[in-house]
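A short worksheet on the structure shown next.
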Amino acid sequence: MAERSTAAVDVADTSGDEPLTAQADQSTADGVANNRERDTDSDEAQGNPTSEEPGKTSPPELHSGHKLARRYRLEECVTRLDGFSSWRAVDEKLRRAVGVHLLPADHARARSVLAAARSSALLGDPRFVQVLDAVEDNDLVYVVHEWLPDATELTALLAAGPLEVYDAYQMVSQVASAMAAAHREGLAHLRLSPNAVLRTSTGQWRIRGLAVNAALRGISSDTPQRTDTEAIGALLYATLTQRWPYESDAHGLAGLPKDIGLIPPDQVRAGVHRGLSELAMRALANDGATASRHESPCTTPEELVKAIGEMPRIRPPEPAYTAPPQYQRTPYQQGGYSRPAPHPGVTQPVPTPPPPLQSRTGKALKWGVSALLIAALGLGSWQLADALMERGGKADDPNQTQTVDGDNDKSPKEPVSRPISIAGAHDYDPFGSDGSEYPENVGKAYDGDPGTYWQTSHYASADFGRLKPGVGIVVDLGKVQQIGKVALTFGGDTSVELRSAGATDSEPQSFEGYQKIAGGNGTTVDLKPDKAVKTRYLLVWLTKLPVTDGQFRGRVADIKVTS
């Protein structure tokens with residue numbers, strides 16, 4: 001299908017122009033509550049084509065309370081610009097909030113806006129803000145669309161900082177997939193910016209402006225797929241770095257420094273996910289940029305979706321454990337069901353314990369218990385004396401013989417420790433983006449030369465930039481053997497765990513297959529299991545990294561295993 005652009009641009013997208021209405025409203029044109037829509041990017045900053053000369057027709061003079069088709073009651077004007085206006089309205093028939101774009105029927109773009117809105121409505125993809133109605137009524141043309149009060153603009157999310165790795169991955173996956181579906185139907189966006197991408201309260205990402213906003217702004221492109229793909233790359237770049245990937249500031253984000261060109265996100269901010277950083281560069285390689293690490297650039301949303309599918313899947317973060325509230329006893333359990341609750345701050349008197357038994361029955365009980373104790377003590381003393389006398393008689397018997405075993409005083413001999421040769425090893429990075437960390441250098445960790453080593457990648461912090469719980473080396477002993485000690489030498493103070501695969505000849509296929517048997521930290525660490533361990537496969541698992549050459553990076557210089 002040949003590419004064609006009937007895309008729409010966000011109605012409140014001023015592109016540097018000041019709206020003519022008051023700035024008091026706090027709602028967006030497409031229904032994002034409490035966050036008035038805005039777009040501060042310029043066509044030059046995004047690389048978007050320039051728009052045609054806006055129409056000279058004045059917007060209709062409407063006011064709050066006006067009804068369209070005796071159904072849509074206008075509530076609040078959000079934007080008035082270039083001869084059109086946008087409103088928050090109420091659909092009185094279905095009793096729901098909607099958004100409305102209005103422009104005169106003789107506006108230069110009225111026909112193209114109607115055509116774009118109807119094309120978008122036919123798409124019916126729930127990943128886009130839906131067009132509900134497109135009408136020409138005498139001297140007015142209006143487009144009615146969804147209003148999403150529970151959604152938040154990406155612009156507002158980025159104001160608090162870069163997104164987490166999993167959230168950025170979900171955003172680019174869902175947006176790229178949605179735009180690929182739109183382009184298969186011949187529809188483009190051409191104004192895809194942080195203001196046009198929304199996250200709902202359920203975590204789903206939705207796009208607004210398809211098939212309406214570009215028509216309102218008179219924007220077109222000879223290569224709409226490349227334009228939208230580069231825009232997705234810019235969105236991903238911003239979510240990873242909280243910077244706009246151009247020299248100009250836009251959308252409340254600072255641009256890149258002057259005269260340095262487009263640099264990868266992992267060079268802008270420490271701890272950026274390497275796979276997503278490369279993906280952003282491949283998508284941005286449409287306007288003079290160079291694809292990251294010689295990967296081929298992505299020039300269409302379909303190619304971007306394919307590149308995302310080839311990446312290792314990024315797992316959601318583990319849910320934080322919340323301690324249950326402290327158990328509170330009810331008044332009934334406390335023995336005061338009908339007793340009024342004490343006032344806060346008032347010290348309650350401690351009840352006086354009951355006096356000891358003073359009645360005739362109590363006295364008799366005390367004398368009985370005392371008599372039983374005296375009898376028990378006498379019986380115990382008599383048995384002890386009888387046992388001692390019997391033992392003394394045996395010792396004095398000259399016919400009694402004793403056999404002395406000379407070996408009774410000797411303690412059992414400990415097994416002799418011997419070195420165990422390492423049959424092989426490989427790097428182990430189950431939580432990383434590509435599953436490997438310098439596999440070509442693993443042999444240097446057990447070659448007997450402390451001057452050589454295997455090392456990890458560098459990270460933003462000692463805990464691997466909070467990207468994963470650790471990395472390590474799997475050691476193969478050739479067969480199941482008894483493990484006595486593993487001596488490790490590191491290039492810096494390193495925290496480490498020793499994990500065992502159990503008494504099996506099969507190497508585990510997941511991290512859960514290795515059980516922790518010892519742990520420690522330091523530059524030279526001797527790890528001894530608390531109990532006897534037999535295994536063939538050992539995992540040397542690094543959990544905290546030292547600072548090496550000004551970076552957080554682990555180095556394993558020597559591994560020795562003894563029985």
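Keep in mind that this is a model prediction, so the values were computed, not measured.
Among residues two or more places apart in sequence or in another chain, the side-chain hydrogen bond (donor to acceptor under 3.5 Å, both in side chains) test is passed with Ser506 by none. Partners of Arg315 according to the salt bridge (Lys or Arg N to Asp or Glu O under 4.0 Å) rule, which considers only residues two or more places apart in sequence or in another chain, do not exist here. Not a single side-chain hydrogen bond (donor to acceptor under 3.5 Å, both in side chains) links Lys306 to another residue, sequence neighbours left out. Annotation: side-chain hydrogen bond (donor to acceptor under 3.5 Å, both in side chains) contacts of Glu302 (sequence neighbours excluded): Arg184. Taking Pro430 as the reference, Tyr428, Phe511, Trp541 meet the side-chain contact (heavy atoms from CB on, under 4.5 Å) condition, with sequence neighbours excluded. Legend: residues meeting salt bridge (Lys or Arg N to Asp or Glu O under 4.0 Å) with Lys516, ordered by chain and number and at least two apart, are Glu497.
Side-chain N or O atoms of Glu437 include one that pairs as donor or acceptor with a backbone N or O of Ser457 at under 3.5 Å.
Looking at Thr299 and Glu303, their side chains do bring a donor and an acceptor atom within 3.5 Å of each other.
Using a 4.0 Å cut-off between charged nitrogen and carboxylate oxygen, Arg206 and Glu146 count as a salt-bridge pair. A salt bridge does not link Asp493 with Lys544: every distance from a Lys NZ or Arg NE/NH1/NH2 to an Asp or Glu carboxylate oxygen is 4.0 Å or more.
Exactly one residue among Leu154, Thr200, Leu198 makes a side chain to side chain contact (heavy atoms under 4.5 Å, CB included) with Trp205. That residue is Leu154.
The two residues Arg269 and Thr241 make their nearest non-hydrogen contact at CD-CA, 4.3 Å.
In this structure the side chain of Gln242 never reaches within 4.5 angstrom of the side chain of Tyr237, judged on heavy atoms.
From Leu163, atom CG reaches atom CG of Leu240 across 8.0 Å, with rounding to the nearest 0.5 Å.
A centroid separation of 6.0 Å or more is found between the aromatic rings of Tyr459 and Phe552.
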